[in-house]
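What follows is a single structure, written as structure tokens, with notes after it.
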Amino acid sequence: MITPRTPSGTLELLPREQTVFQHMVDIIRRGFERFGFVPVETPVFELKDVLLTKSGGETEKQVYFVQSTGGLQQGHEADLALRFDLTVPLARYVAQHERELAFPFRRYQMQRVYRGERAQKGRFREFYQCDIDVIGKDKLSPAYDAELPAIISRIFEELNIGAFTIYFSNRKILRGLLAGLGVASEETKTLILREIDKLDKVGADKVRAAIMDAGLSSTAASSVLELVAHKGTKDDILSLLRGMAVEDPVFREGVDEIASMIASLRALGVPEDRTRLDLSIARGLDYYTGSVYETKVNAHPEFGSICSGGRYDDLAGHYTKSKLPGVGISIGLTRLFDLLRANDLLPEAPCAVQVLVAQMDPALRAEYLALATALRAAGLRVETWLEPAKLDKQLKYANKAGIPIVLLLGEDEQAKGSVVIKDMVGKEQKETPRDEVVAAVRGMLEA
């Protein structure tokens, strides 16, 4: 006999937890749509040559390739692969449908992705990503960059996960600073930014050693680390940046974009304590070119970033000659859910089934079905018990399934034209006229 089990690095939930997960999905979807984003779904697998166009060797090691049994038997090489994120499929999608899309193209996508990495706490091989991106044609105003953290702020507030902070910066500032310090090579700038992004993980000493190995002098390394370590309000840091004697145009462009973002965040009504300008946020991925974001739960910084993203100059350069700049942000929902669950921080969710219509007398089955139909017509989620069973068994079932209300209708109630409403949470019950049941149940659920 085979032991039933799931592969490591996957998340399988019991119904009550799945209800909470779906509740979070629904909140995120509504949040995206509230800001005018439209849904897109792409196939779970892509053609290998399309999917791996942008990836390096390390990414390819994490890809699951798809091959039919027939293909394996014939010795054919796999030509399909499971997507490892939603960004590369988006690039392919936009390039393929460029003439049919209206730009700026505002899409959201909420689907599973797959990575063949070692399963460990907080990291999965199959997980949900919830992405939003705005893609422009030829150009995209930096004004869009502030909208994404405003959306995330609204969504996380509604999820009620506790206090959180959206950290943001702009890679142009550090790139321009490095250019002003004499670093001409774009490759070297990228390497240094990648090391700075590790600051909160490995500490300043190791980052200093790494960026000096990359070619910075001790004085230049000190200048960089002093800047990224600066803490204060958004206005304090902006004032510091404006006062720096760095004439590099990329640096100045980054400062102007930061100033614009701060003003836009305020105009969008994002609370001041929800965002923080942090120049150490650089993001390790090379394709980010401007604004970058990371979001952390204040009480649990060990979680790391639960939502991140940024600006990129050319989304689909490998698939089309058109320039398609964009800005995007992604919630790693599976990881977020798992972290919240482990720390008893999951938001409350509506029960999947609100009412159970119990079966007191098989002869009254038609009445039970009619009662359930009336409740469903009023928008309630209702289950009907359809087989003979003792009432105690039905009540135990409701308790285990988390159904808060059970309706009881027996021969006596039928004769009086009433229904007994049993509150499974408050352990109370009351008899109510049949024509008042819907209103009474609604009142109890809303209390």
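Index from 1, following the sequence.
Atoms CD1 and OH, from Ile28 and Tyr128 in turn, are 11.0 Å apart once rounded to the nearest 0.5 Å. In this structure, CZ on Arg252 lies 8.0 Å from CG on Leu241, to the nearest 0.5 angstrom. Taking CD1 of Ile405 as the start and CG of Leu445 as the end, the distance is 4.0 Å to the nearest 0.5 Å.
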Requested in this report: Could you walk me through whether Thr165 and Arg274 pass side-chain hydrogen bond (donor to acceptor under 3.5 Å, both in side chains), step by step?
Outcome: CA-CA 5 Å; Thr165 302; Arg274 284 284 183 251; over 6 Å; no
Report task. Go through the steps for Ile151 and Leu148 under the test side-chain contact (heavy atoms from CB on, under 4.5 Å), then give the verdict. Result -> CA-CA 5 Å; Ile151 295 167; Leu148 302 193; 4.2 Å; yes
Report task. Decide yes or no on side-chain contact (heavy atoms from CB on, under 4.5 Å) for Leu238 and Val255, but give the supporting numbers first. Result -> CA-CA 7 Å; Leu238 180 59; Val255 174; 4.0 Å; yes
Requested in this report: Before giving the answer on side-chain contact (heavy atoms from CB on, under 4.5 Å), spell out for Ile258 and Phe168 the whole-Å C-alpha distance, their side-chain angles and the decisive distance to 0.1 Å.
Outcome: CA-CA 9 Å; Ile258 283 290; Phe168 67 94; 4.0 Å; yes
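Environment of CZ in Phe103: crowded, with over 12 heavy atoms of neighbouring residues, nucleotides or ligands closer than 6.0 Å. Sparse packing is recorded around OH of Tyr144, with 12 or fewer heavy atoms of other residues, nucleotides or ligands lying under 6.0 Å away.
Residues in residues 145-154 take part in these side-chain hydrogen bond (donor to acceptor under 3.5 Å, both in side chains) pairs, two or more places apart or across chains: Arg106-Glu147, Asp145-Ser291, Asp145-Arg311, Ser153-Glu157. The side-chain hydrogen bond (donor to acceptor under 3.5 Å, both in side chains) analysis of residues 201-213, with sequence neighbours excluded, yields the pairs Arg208-Ser222. For the salt bridge (Lys or Arg N to Asp or Glu O under 4.0 Å) condition, the pairs that include at least one residue of residues 288-310, sequence neighbours left out, are Asp200-Lys296, Arg283-Glu294. Among residues at least two apart or in separate chains, ring pair (Phe, Tyr, Trp, His ring centres under 6.0 Å) pairs with a member in residues 147-167 are Phe156-Phe164. Contacts classified as salt bridge (Lys or Arg N to Asp or Glu O under 4.0 Å) and involving residues 16-32 (residues at least two apart or in different chains) are given here: Glu17-Arg341, Asp26-Arg29, Arg30-Glu158.
The pair Asp278-Lys231 meets the salt-bridge criterion, with a side-chain N (NZ, NE, NH1 or NH2) lying under 4.0 Å from an Asp/Glu carboxylate O. For Lys189 and Asp248, the salt-bridge test fails: no basic side-chain N is under 4.0 Å from an acidic carboxylate O. A salt bridge does not link Glu46 with Arg83: none of the charged nitrogens is closer than 4.0 Å to a carboxylate oxygen.
Considering every non-hydrogen atom in both Leu225 and Ala204, the closest pair reads CD1-O, 4.1 Å. Closest of all the heavy-atom pairs between Ile155 and Gly31 is CG1-CA, 3.8 Å. Shortest non-hydrogen contact noted between Ile237 and Gly232 is CD1-O, 3.9 Å. Nearest approach of Ala95 to Thr320, heavy atoms of both residues: CB-CG2, 4.0 Å. Considering all non-hydrogen atoms of both residues, Val63 and Ala81 come closest at CG1-CB, 3.5 Å. Closest heavy-atom contact between Arg335 and Ser305: NH1-O, 2.9 Å.
Residues Glu383 and Tyr397 bring a donor and an acceptor atom of their side chains to less than 3.5 Å of each other. A donor atom on one side chain and an acceptor atom on the other are found under 3.5 Å apart for Thr289 and Asp313.
Of the possible donor and acceptor atoms, one in the side chain of Asp85 sits under 3.5 Å from a partner among the backbone N and O of Val88. Judged by distance alone, with hydrogens and angles left aside, the side-chain atoms of Ser239 form no donor-acceptor pair with the main-chain N or O of Asp235 at under 3.5 Å. The closest donor-acceptor contact from the side chain of Arg125 to the backbone of Thr10 lies at 3.5 Å or more, if one exists at all. One N or O on the side chain of Ser223 and one on the backbone of Thr219 form a donor-acceptor pair closer than 3.5 Å. Listed for the Arg381 side chain is a donor-acceptor partner under 3.5 Å among the backbone atoms of Cys351. In this structure, Asp338 contributes its side chain and Thr334 its backbone to no donor-acceptor pair below 3.5 Å. Checking side-chain atoms of Ser260 against main-chain N and O of Asp256 turns up no donor-acceptor pair under 3.5 Å.
Side-chain atoms of Pro325 and Lys323, non-hydrogen and from C-beta on, do get closer than 4.5 Å to each other. Side-chain contact between Val202 and Val207: present, with at least one pair of heavy atoms (C-beta onward) separated by less than 4.5 Å. Between Ser308 and Ile329 the shortest side-chain heavy-atom distance does not fall below 4.5 Å. Inter-residue side-chain proximity for Leu177 and Leu181 is flagged as met; some heavy-atom pair is nearer than 4.5 Å. Looking only at side-chain heavy atoms (C-beta outward), Leu333 and Gln129 stay at 4.5 Å or farther from each other. Counting only heavy atoms from C-beta outward, the side chains of Ile152 and Ile166 approach each other to under 4.5 Å. Looking at Leu315 and Leu90, their side chains come closer than 4.5 Å, going by heavy atoms from C-beta outward. Considering only heavy atoms from C-beta on, Leu159 comes within 4.5 Å of Met24 through its side chain.
The salt bridge (Lys or Arg N to Asp or Glu O under 4.0 Å) check on Glu77 picks up Lys48, with sequence neighbours excluded. With sequence neighbours excluded, no residue forms a side-chain hydrogen bond (donor to acceptor under 3.5 Å, both in side chains) with Ser141. The side-chain contact (heavy atoms from CB on, under 4.5 Å) search around Asp79 returns none, not counting sequence neighbours. Partners of Phe337 according to the ring-ring contact (aromatic ring centres under 6.0 Å, His included) rule, which considers only residues two or more places apart in sequence or in another chain, are Phe21. Looking at residues two or more places apart in sequence or on another chain, you find a side-chain contact (heavy atoms from CB on, under 4.5 Å) between Thr384 and Val357, Tyr368, Leu369, Ala372, Arg376, Leu386. With sequence neighbours left out, His230 forms a ring-ring contact (aromatic ring centres under 6.0 Å, His included) with no residue at all.
Here the rule is side chain to side chain contact (heavy atoms under 4.5 Å, CB included) with Leu356, and of Val382, Ile403, Leu407 only Ile403 fits it.
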Distance-only criterion, 3.5 Å: show the donor-acceptor pairs between side-chain atoms of residues 107-116 and protein atoms not counting sequence neighbours.
residue: Arg107; atom: NE; partner: Gln109; partner atom: OE1; Å: 3.2
residue: Arg107; atom: NH1; partner: Asp133; partner atom: OD1; Å: 2.7
residue: Arg107; atom: NH2; partner: Leu86; partner atom: O; Å: 3.4
residue: Arg107; atom: NH2; partner: Gln109; partner atom: OE1; Å: 3.2
residue: Tyr108; atom: OH; partner: Glu33; partner atom: OE2; Å: 2.5
residue: Gln109; atom: NE2; partner: Thr42; partner atom: OG1; Å: 2.9
residue: Gln109; atom: NE2; partner: Gln111; partner atom: OE1; Å: 2.8
residue: Gln111; atom: OE1; partner: Thr42; partner atom: N; Å: 3.0
residue: Gln111; atom: NE2; partner: Thr42; partner atom: O; Å: 3.3
residue: Tyr114; atom: OH; partner: Glu126; partner atom: OE2; Å: 3.1
residue: Arg115; atom: NE; partner: Phe84; partner atom: O; Å: 2.7
residue: Arg115; atom: NH2; partner: Phe84; partner atom: O; Å: 3.1

